[in-house]
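No hydrogens, no waters, no symmetry mates; every other heavy atom, side chains included, goes into these values. The structure presented is a predicted model; accordingly, all values stated were derived computationally and were not measured.
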Amino acid sequence: MRWTLKPKPAPEKIKALASQLNVDELIAVLLVQRGIETFDQARQFFRPSLEDLHNPYLMKDMDKAVARIELAIANGENILVFGDYDVDGTTAVSLVSSYLRSFYPNVATYIPDRYDEGYGISYKGIDFAEDNEFSLIIALDCGIKSIDHVAYAKAKTIDFIICDHHRPGDTLPDAVAVLDPKRDDCSYPYDELCGCGVGFKLVQALAQNRNQTIDDLLIYLDLVATAIAADIVPMTGENRVLAKFGLDVINSEPRPGIKALIQNVKKKVLTITDVVFIIAPRINAAGRIKHGNEAVALLTEYDLDQAEQFASEIEQYNSDRKDLDKQITIEALSQIQENNETKNVTTVVYSENWHKGVIGIVASRLTETHYRPTIVFTKSGDKLAASARSVKDFDIYNALEACAEHLEQFGGHMYAAGMTLKEENYAAFKEAFERVVQETIHPDLLTPEVSVDAEINLTDINEKLIRILNQFEPFGPQNMTPVFMTKGVKDTGYAKGIGADEDHLKLFVKQNGSDGFGAIGFGLGNKLDLVKNQASFDAVYCIDENEFNGNVTVQLRLKDLR
């Protein structure tokens with residue numbers, strides 16, 4: 001693992017901010033590294049407010065979208081809310097449909113079948129709309145590249161409003177309105193919203209039109225926070241505001257569906273990390289194993305008993321999903337060995353029997369073992385479908401663009417993408433992808449990196465520091481949990497391997513007579529010899545608070561030792 005110490009910002013910036021805020025220079029360093037250099041920026045960072053949300057009408061086409069929805073309501077038209085089957089899509093559909101239904105009855109939802117229809121807007125979905133007399137489709141978290149689909153719908157006199165956050169192609173679909181802050185001609189001040197976030201801006205605009213305030217929309221923020229966490233969008237700007245207030249809703253008054261998912265969790269207060277690891281995988285499991293409709297049913301259910309019934313079914317899907325992804329990961333790793341591809345700079349694997357619903361998770365697992373851009377293919381109808389995952393700082397979307405001649409279609413962003421191709425093009429694509437990545441990736445990027453915010457001594461860790469660090473939450477991309485490095489640390493004779501295979505490490509560490517701290521290193525059991533007999537070592541870690549039997553103690557969560 002590479003340890004990279006972030007460059008220390010200019011001393012005058014640190015001093016100025018530290019004195020304005022009356023905080024230690026260490027805090028000022030962490031803030032400036034996050035782009036926060038003034039008192040006002042710090043105030044917005046530490047005290048996010050719903051008043052910081054931008055006017056939704058700043059988004060290109062928002063006026064057109066609202067006008068078309070209001071026309072549909074005035075004319076008594078049927079509205080179909082269409083979205084992708086992942087967390088971002090199903091939360092977005094739940095949000096927009098439940099908001100519209102709060103004052104208008106002719107609203108239905110449609111989630112495409114992952115196996116039968118695949119990702120995004122489907123012809124089958126448009127045919128369903130025609131058969132059931134829907135004249136307006138609101139597409140969420142998809143559609144920015146669905147030019148042919150939108151034209152097909154238009155020929156049937158069905159209008160589209162598209163709410164997406166993926167990168168547009170050269171041409172936009174011929175929809176009534178295309179809401180996507182990544183449009184080149186859209187001057188909306190924040191372009192890192194997730195699909196559910198764009199859906200929320202639409203709801204916010206409709207609400208403004210009906211003289212409602214942001215307070216009327218708080219009940220939807222548990223959905224928005226879940227999508228922001230699951231879709232791994234930057235935890236900056238509007239996303240940070242929506243995530244913070246959405247977390248408050250999750251921890252105080254969540255909707256029955258989310259309440260049912262988290263009622264067996266022992267923790268009193270959930271963090272964004274808990275949303276990522278507890279709520280999101282369960283919502284995702286519905287679309288992976290059964291159908292995304294089940295997630296929407298859970299998230300739009302108002303009766304707690306019924307929600308608990310849905311949640312227990314989804315719990316079972318999640319358990320099945322875990323078994324599947326474990327099994328497929330084992331098969332994929334052995335395929336890499338058998339093909340003598342351990343020295344490649346990419347991983348591309350395929351089996352027609354792999355479950356399409358978990359190949360994205362398997363791609364992530366493979367990057368944990370062989371750290372490199374990874375694509376996992378399976379059979380889907382008469383084509384192959386795949387999920388791609390990248391490594392830090394490498395744009396896999398650009399690499400796919402360079403191999404586009406071999407692909408039927410692809411979409412996604414820097415770190416994750418999906419694609420389909422004809423089976424006869426698999427070998428040529430695999431070869432081209434390996435070649436493109438080899439030519440464009442910096443060799444350093446093939447070694448996992450831990451990015452260190454600052455070097456400190458253990459004596460710097462005190463109550464005030466921890467209190468302020470807690471206010472850095474919610475954490476996420478571009479506002480990650482601060483990582484510290486301390487040199488010359490020693491275990492006090494407590495070191496031991498823990499866990500079933502002793503693959504985790506538990507220590508009690510000190511440095512030059514400092515107070516001691518408990519430390520845990522998940523997956524670092526192999527470093528036990530390094531710390532035995534009170535040998536001195538360097539550590540990179542995050543500072544955690546560990547709650548046990550009502551007692552809160554400070555614990556170092558080790559990321560690496562050397």
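With hydrogens and angles left out, the side-chain atoms of E37 and Q41 include no donor and acceptor closer than 3.5 Å. Of the N and O atoms on the side chains of W354 and E331, at least one donor lies less than 3.5 Å from an acceptor on the other residue. Between H165 and D88, the side chains place a donor N or O and an acceptor N or O closer than 3.5 Å (distance only, hydrogens not considered). Neither side chain, Q534 nor D491, offers a donor N or O lying under 3.5 Å from an acceptor on the other. Donor-acceptor pairing under 3.5 Å is lacking for the side chains of Q335 and E341. For the residue pair Q44 and D40, no side-chain donor N or O sits within less than 3.5 Å of a side-chain acceptor on the partner.
Taking 4.0 Å as the cut-off between side-chain N and carboxylate O, D191 and K182 do not count as a salt-bridged pair. The pair D529-K532 meets the salt-bridge criterion, since a charged nitrogen lies less than 4.0 angstrom from a carboxylate oxygen. Looking at R255 and D222, a side-chain N of the basic residue comes within less than 4.0 Å of a carboxylate O on the acidic one, giving a salt bridge. A salt bridge links R34 with D453: the distance from a Lys NZ or Arg NE/NH1/NH2 to an Asp or Glu carboxylate oxygen falls below 4.0 Å. Between R167 and E401, none of the side-chain N atoms (NZ, or NE/NH1/NH2) sits under 4.0 Å from a carboxylate O, so this pair counts as no salt bridge. Salt bridge annotation for D515-K510: absent, with no cationic side-chain nitrogen under 4.0 angstrom from a carboxylate oxygen.
Within a 6.0 Å radius of CD in E431, other residues, nucleotides and ligands contribute 12 heavy atoms or fewer. The number of heavy-atom neighbours closer than 6.0 Å to CG of N22, taken from other residues, nucleotides and ligands shown, is 12 or below. Other residues, nucleotides and ligands contribute at most 12 non-hydrogen atoms within 6.0 Å of the CD atom of E463. The number of heavy atoms from other shown groups lying within 6.0 Å of OH (Y115) is above 12. At most 12 non-hydrogen atoms from other residues, nucleotides or ligands lie less than 6.0 angstrom from NZ of K326.
Of all non-hydrogen atoms in I272 and A225, the two that sit nearest each other are CD1-O, 4.4 Å. Across all their heavy atoms, Y190 and L193 have their closest contact at CE2-N, 3.9 Å. Heavy-atom minimum distance, D538 versus G488: OD1-N, 3.1 Å.
To the nearest 0.5 Å, atoms NZ (K392) and OG1 (T367) are separated by 14.0 Å. With rounding to the nearest 0.5 angstrom, the CZ atom of F517 is 12.5 Å from the OG1 atom of T492. We find the CG-OG1 distance between D84 and T91 to be 10.5 Å, quoted to the nearest 0.5 Å. Between atom CZ of residue R557 and atom CG of residue D544 there is a gap of 4.0 Å, rounded to the nearest 0.5 Å. Distance CG/L469 to NZ/K464: 12.0 Å, rounded to 0.5 Å. Considering CG of N470 and CG of L465, their distance stands at 9.5 Å, rounded to 0.5 Å.
Between Y350 and F377, the ring planes are perpendicular. Angles over 60° get that label, and only those under 30° would be called parallel. Note on ring orientation: taking the six-membered ring where Trp is involved, the planes of F472 and F475 are tilted (angle from 30° to 60°). Ring geometry for F410 versus Y397: interplanar angle of 30 to 60°, hence tilted. Under the 30°/60° scheme for interplanar angles, the aromatic rings of F522 and H504 are found to stand perpendicular.
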Next item on the list: I would like to know whether D52 and R240 meet salt bridge (Lys or Arg N to Asp or Glu O under 4.0 Å); could you show each step before the answer?
Entry: CA-CA 10 Å; D52 299 335; R240 196 154 176 278; over 6 Å; no
Notebook entry, point to check: Checking side-chain contact (heavy atoms from CB on, under 4.5 Å) for the pair K490/Q511: CA distance, chi angles, key distance, verdict?
Noted result: CA-CA 6 Å; K490 290 181 179 175; Q511 177 203 31; over 6 Å; no
Notebook entry, point to check: Taking it one step at a time, do Y119 and Y85 satisfy side-chain contact (heavy atoms from CB on, under 4.5 Å)?
Noted result: CA-CA 8 Å; Y119 167 79; Y85 38 67; 3.6 Å; yes
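Checked against ring-ring contact (aromatic ring centres under 6.0 Å, His included), F508 has no partners two or more places apart in sequence or in another chain. In this structure, K496 has no salt bridge (charged side-chain N to carboxylate O under 4.0 Å, His left out) partners at least two apart in sequence or on a different chain.
Contact check for K15 versus E25: side-chain heavy atoms found under the 4.5 Å cut-off. Looking at heavy atoms from C-beta onward, I336 lies in side-chain contact with H370 at the 4.5 angstrom threshold. Residues N546 and I520 fail the side-chain proximity criterion, which asks for heavy atoms closer than 4.5 Å. Considering only heavy atoms from C-beta on, L366 comes within 4.5 Å of T329 through its side chain. Inter-residue side-chain proximity for L324 and I289 is flagged as met; some heavy-atom pair is nearer than 4.5 Å. Considering only heavy atoms from C-beta on, W3 comes within 4.5 Å of M485 through its side chain. Between D560 and K527, the closest side-chain pair of non-hydrogen atoms falls below 4.5 Å. Considering only heavy atoms from C-beta on, F39 stays 4.5 Å or farther from L17 through its side chain.
Listed by first and then second residue, the salt bridge (Lys or Arg N to Asp or Glu O under 4.0 Å) pairs that reach into residues 351-379 are D325-R365, K379-E423, sequence neighbours excluded.
Between the side chain of K559 and the main chain of Y541, no donor-acceptor pair closer than 3.5 Å is present. In this structure a side-chain-to-backbone donor-acceptor pair under 3.5 Å is present from D460 to N457. Counting only distance, with no hydrogens or angles, the side chain of D24 and the backbone of L26 share no donor-acceptor pair below 3.5 Å. For the pair T486 (side chain) and I456 (backbone), a donor-acceptor distance under 3.5 Å is present. The backbone N or O of E192 lies less than 3.5 Å from a partner atom in the side chain of N239, making a donor-acceptor pair. N479 places no side-chain N or O within 3.5 Å of a backbone atom of T236 that could act as its donor or acceptor partner. Using modelled atom types, no side-chain atom of N344 and backbone atom of T347 make a donor-acceptor pair closer than 3.5 Å.
None of K322, R282, R321 except one satisfies the salt bridge (Lys or Arg N to Asp or Glu O under 4.0 Å) rule with E315; the exception is R282. Each of L247, D248, V249 was scored for a side chain to side chain contact (heavy atoms under 4.5 Å, CB included) with F245, with one residue passing: D248.
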